[in-house]
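Down below is the structure, laid out as structure tokens.
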Amino acid sequence: MRYLIAFLTLLSTATFAQDSTGYLEGNNVRALLSNRGVFFNDNSLGRPAYEFPKNSENHLVYANAFWFGAQTELGDLKIAAETYGVAGRDIYPGAITADGLAEAPETPYADDVYIISREEILFHSTNYTVWDYVAPDAITNWPAHGDVSMGLAENLAPFADLNGNGIYEPALGEYPEIRGDHAAYIILNDKGGLHTQTGGDPLGIEMHFMFYQYESADYLNNTTFVNLRVINRSSTNYPEFVVGNYMDADIGFAGDDQAGVSEDHSLVYAYNGDLTDEGTGPSPGYGENPPAIGIVGLNHVPAVYCLTDIEGMGDPVTPVDYWEALTGTGTCEVGDDPPGDRRMFMAAPSVSLNAGEVVCRDYAIINAWGGTPLENAAALEGIADDVIDFYAAEPNIYCEFFVSLPEKEEPITFELYPNPSNGSFAVTAEGNYDLSVFAIDGRLVYTKENNTGKTEIQLNVAVGTYVLVLENDAQQMTQKLVIQ
Ligand SMILES: [Ca+2]
Ligand SMILES: [Ca+2]
Ligand SMILES: [Ca+2]
Ligand SMILES: [Ca+2]
């Protein structure tokens with residue numbers, strides 16, 4: 001944790017509009033999210049806000065933020081980063097223009113924290129035609145589309161386009177496309193204001209965060225996932241682009257913690273450095289044998305791991321300092337320090353992110369409890385492996401869905417007949433295409449690749465509504481499929 005926060009918060013709140021915040025609390029974790037670019041932190045009180053177990057008043061994270069760095073073809077450096085959101089900021093709410101200028105509208109657009117559950121979506125799907133049904137705000141106001149007249153991209157947050165017309169129509173039963181049982185969607189950018197945190201030049205990126213949780217009887221009930229899509233809305237190509245995840249984990253009381261790295265498991269973690277957590281402020285403390293927490297890279301093996309504290313990472317002050325931290329060229333000493341206030345940082349490998357392109361980074365925040373602090377830390381490795389396997393088995397549609405698809409191509413025309421059907425139907429389309437069918441809860445129930453012309457399908461699934469996805473090299477189309 002940081003100590004000047006209450007004072008600095010007073011200084012900074014005068015200059016910015018009210019933050020939009022919301023709790024994701026779908027399982028045994030209660031996580032505060034905001035459109036401020038700093039997560040799991042109660043910015044107004046300067047307090048940790050990743051509560052585990054829910055309603056215990058004990059927390060495992062003080063703050064979590066993301067760092068973004070890029071180099072242009074000419075070698076110019078671009079940096080956007082947050083730590084605690086109090087000394088300065090680089091990241092702002094809402095979508096930015098898709099015309100290559102990457103400008104933020106005067107009034108931020110699609111700048112809320114949108115929180116929705118699978119249960120609400122299912123209820124919406126079955127009740128949207130009922131005369132007195134009122135859809136939850138997050139379904140009605142889901143930021144599926146940007147205002148094209150403002151220069152924003154047509155497609156922002158993913159949704160189930162059941163009639164395949166490219167338009168989000170909740171009144172026709174369409175709904176947010178989420179992962180997990182509970183999800184929060186937040187759109188941020190780095191062009192909404194000055195970069196007072198790093199002093200870096202903006203990248204012109206739009207960041208789409210989906211935080212999500214599963215209700216479960218196993219470790220998933222203690223896990224929060226993060227799906228991050230970064231879209232380069234600028235007209236500049238970035239041959240090198242890096243995302244880092246900066247977390248100030250506090251296991252209850254911040255002053256007696258330790259941290260570690262497990263490269264074989266794509267994991268950084270923190271645990272209590274002695275046997276007892278004393279608690280702090282309004283937190284009663286975990287007492288003996290407090291839990292450990294870790295962050296896992298799910299769709300990438302991190303290239304950089306760093307521990308200790310922000311000073312130990314080479315005291316990032318200038319944009320070059322941040323770039324060195326992101327690329328692992330700065331100093332980062334783990335050392336044999338006595339227990340204290342630990343921070344963790346991990347960065348993905350550099351990739352290219354050209355104008356208009358999208359990069360996805362997925363993470364899981366896991367914890368382990370039940371043994372001594374060191375045993376809990378060791379148990380995180382097995383949980384990291386499990387969560388990577390779990391993630392890999394999920395249908396991975398979130399990076400491709402809408403945003404990375406060319407928006408100006410002619411839509412693929414295809415026929416689905418009969419629909420509704422008893423499970424026996426045919427799809428006819430031009431060219432070579434892949435077919436998948438998803439249940440309404442996102443489960444993949446059928447897939448067949450490399451089809452041409454007419455494809456006969458016999459589905460043995462429960463009666464209900466499904467989503468057929470037809471995909472070729474260039475595009476993806478969806479159609480509601482009803483089995484009676
Ligand atoms: Ca539609
Ligand atoms: Ca502690
Ligand atoms: Ca202690
Ligand atoms: Ca800490």
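Counting from 1, the numbers follow the sequence of the chain as shown. Every number for a ligand or one of its atoms is a count from 1 in the order of the listing. What's counted below: heavy atoms across the whole structure, side chains too, no hydrogens, waters or symmetry copies.
Residue-level check: among N/O/S atoms of Asp248, OD1 sits closest to the Ca ion (ligand 4). Shortest distance from the Ca ion (ligand 4) to Asp250 is reached at OD1 (N/O/S atoms only). Nearest N, O or S atom of Glu169 to the Ca ion (ligand 1): atom OE1. Among the heteroatoms counted here (N, O or S) of Asp341, OD1 is the one nearest to the Ca ion (ligand 4).
For residue Ala254, no N/O/S atom approaches the Ca ion (ligand 4) to within less than 3.0 Å. Residue side and main chain included, Asp257 places no N/O/S atom under 3.0 Å of the Ca ion (ligand 4). With 3.0 Å as the limit, Thr276 counts as an N, O or S neighbour of the Ca ion (ligand 3). At a threshold of 3.0 Å, the Ca ion (ligand 1) has a backbone or side-chain N, O or S atom of Asn165 nearer than that distance. Counting backbone and side-chain atoms alike, Arg342 contributes an N/O/S atom closer than 3.0 Å to the Ca ion (ligand 4). The Ca ion (ligand 1) has an N, O or S atom of Ile167 closer than 3.0 Å. For the Ca ion (ligand 3), the N/O/S atoms of Asp256 include one lying under 3.0 Å.
Side-chain atoms of Tyr433 and Thr455, non-hydrogen and from C-beta on, do get closer than 4.5 Å to each other.
Ring orientation note: the planes of Phe225 and Tyr212 are close to parallel, at an angle under 30° on the 30°/60° scale. Using a 30° and 60° split on the angle between ring planes, Tyr246 and Trp67 fall in the parallel class, below 30°. The aromatic rings of Tyr84 and Tyr62 are tilted relative to each other, their planes meeting at an angle between 30° and 60°.
Between the OE2 atom of Glu278 and the OD2 atom of Asp274, the angle centred on the Ca ion (ligand 3) amounts to 120° when rounded to 10°. When OD1 of Asp161 and OE1 of Glu174 are joined through the Ca ion (ligand 1), the resulting angle is 100° to the nearest 10°.
Annotation: Phe159 is not in aromatic contact with Trp142 [ring centroid separation under 6.0 Å not met]. Checked against the 6.0 Å centroid criterion, the rings of Phe209 and Phe66 qualify as a close aromatic pair. Taking the six-membered ring where the residue is Trp, the centroids of Tyr185 and Tyr114 are separated by 6.0 Å or more.
With hydrogens and angles ignored, the 3.5 Å screen pairs a side-chain donor or acceptor of Asn165 with a backbone N or O of Ile167.
For the residue pair Pro170 and Tyr128, the shortest heavy atom distance occurs at O-CB, 4.4 Å.
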